[in-house]
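Step one of this worksheet: look at the structure below.
Letters go in sequence order (proteins before strands), and every chain restarts at 1. Nothing here was measured: the structure is a model prediction, and the numbers come from that model.
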2 protein chains.
Amino acid sequence: MALSHAIMTALLEENLSGYDLAKKFDMSLGFFWQASHQQIYQELKKMLERGWLSSDTVEQAGKPNKILYALTGEGKSALDNWVVAETKARSAKEDLYVKLYNIGHCDPEPLIGEIADRQLQCQRQLALYLKIKERHYAEPETLPVNRKGIYLALSAGIRQQQMHIDWCDEALELLGAVA
Amino acid sequence: MALSHAIMTALLEENLSGYDLAKKFDMSLGFFWQASHQQIYQELKKMLERGWLSSDTVEQAGKPNKILYALTGEGKSALDNWVVAETKARSAKEDLYVKLYNIGHCDPEPLIGEIADRQLQCQRQLALYLKIKERHYAEPETLPVNRKGIYLALSAGIRQQQMHIDWCDEALELLGAVA
DNA sequence: TTAACTTATGCAACATTTTGCATATTTTGT
DNA sequence: ACAAAATATGCAAAATGTTGCATAAGTTAA
């Protein structure tokens, strides 16, 4: 299990529709776990069958109806079990590093370009994270426990981006892209 | 495509059997792309059909026969195309960060324990990487291009581990696991 | 009024990955 | 002589994830 647990985590504090979840997975939670709306709708259906969620169709004025999902007691138990269980560290699966092994065997220019692009993306993402930190998590020690958890995830994101930006610097310099 | 390209990358410098590849994916290349032997054997078969690899059965004294695979011209072209093409950045899919969102809603102790364990694992992995760096990549600027690529992958691994260790420090302190 | 966009849900086909098992030979330790 | 471990390859089923398509209602702006 995996996506199901991320969905239940999102439902801890509020009930959401598939559409809401898809949006949430495009930010915040989605910084660390991406999922398409197709995947989410499919998973929601399975979770209903398993009894982990309950659903409630809500008619909306001025918008199509939506189906709100809520975590059941059974779902909460399954979630707790997962949180407590050991997670085997996932393989990184970073294409870029595998590509680097090829650099003596093909034209290095496109690869250098890709590293430069990647650095820009990271810088943008980092700026976003830093803004969120500044606004909502400026003083982590004073936060309630649940917000501390979210702050730590954010902090990991910040460190991750910063590290990658630094690595790109090293790579571009070593590969001669910087004079 | 993905695993197939990692396999072809491994075959750039030497011909290998499925078993050899499985071992290689447990170290070096496998630091950035993990694959089980089942997956590798299946993929090798597909790649043979596609014409990306050629195979040669080798009888061995004192060991079961093995099938050595070699990259074909067609395979090399496919690999070159992949290296040059843009890779969309993969989602991180880090369970640990998703779990953190749950920390206000369940017993935090097991999670703190998992972070501490993770830190130890990272420290071990870091020590290994540093040893490899010291032995084979002490002076990156003087390396030939293809070794520079491998060095950069290693450097990314080192930075990754170091970053994660630092983050674990922050997390353990904020969650009160350190007095 | 018509096109483009947002909200909202879903199917089907395909690709990828994981898990568990099955087989066989040879080497090494007891 | 026997058990365990390493070498070597593979199938089948299930879980997961991606891609492309389909549908529908309501909103906004030219």
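Remark: the backbone N or O of A/G51 is paired with a side-chain donor or acceptor of A/T72 at under 3.5 angstrom.
Ring centroid separation for the pair A/W33 and B/Y101 does not come in under the 6.0 Å cut-off.
Following rounding to the nearest Å, A/I67 (CD1) and D/dA24 (C1') show an atom-to-atom distance of 14 Å. Rounded to an integer number of Å, the gap from CG of A/L68 to P of C/dT7 is 15 Å. Atom CG of A/L44 is separated from atom P of C/dA8 by 14 Å (rounded to the nearest Å). Atom pair B/Q34:CD and C/dT19:P shows a separation of 12 Å (rounding to whole Å applied). Rounded to whole angstrom, the span from the NE2 atom of A/H37 across to the C1' atom of D/dA22 amounts to 10 Å. Whole-Å rounding puts the A/K45 NZ to C/dC11 C1' distance at 8 Å. The CG atom of B/D26 sits 15 Å away from the P atom of D/dA8 (whole-angstrom rounding). Rounding to whole angstrom units, CH2 of residue A/W33 and P of D/dT16 are separated by 10 Å.
The terminal axes of the helix from C/dT1-D/dA30 to C/dT30-D/dA1, fitted over 5 pairs per end, subtend an angle of 30° to the nearest 10°.
Residue A/E141 qualifies as enclosed at atom CD: its count of foreign heavy atoms under 6.0 Å is above 12.
With distances taken from any side-chain atom of A/D20 to the nucleotides C/dA8, D/dG10, D/dT7, the minimum falls on C/dA8. Each of D/dT7, C/dT17, C/dT9 was ranked by its minimum atom distance to the side chain of A/S17; first place goes to C/dT9. Closest to the side chain of A/Y41, out of C/dT9, C/dT17, D/dG17, is C/dT9.
Side chains of A/S77 and A/D80: a donor-acceptor N/O pair is absent below 3.5 angstrom, by distance only. Using modelled atom types, one finds a donor on one side chain and an acceptor on the other under 3.5 Å when comparing B/Y151 with A/E170.
At D/dT16, none of the side-chain N or O atoms of A/Q39 fall inside 4.0 Å of OP1 or OP2 (strictly under the cut-off). A close approach under 4.0 Å does not occur between any side-chain nitrogen or oxygen of A/Y19 and OP1 or OP2 of C/dT9.
Note that CG of A/L126 is 4.5 Å distant from CG of A/L130, once rounded to the nearest 0.5 Å.
Between A/A171 and B/L152 the shortest heavy-atom distance is CA-CD2, 3.6 Å.
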Check: protein-nucleotides 12-14 of chain C nitrogen or oxygen pairs below 3.5 Å:
| from | atom 1 | to | atom 2 | distance (Å) |
| --- | --- | --- | --- | --- |
| C/dA12 | N6 | A/Q42 | NE2 | 3.4 |

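Ring planes of A/H164 and A/W167: tilted class, angle from 30 to 60°.
For A/D56, the side-chain hydrogen bond (donor to acceptor under 3.5 Å, both in side chains) criterion is met by no residue, not counting sequence neighbours.
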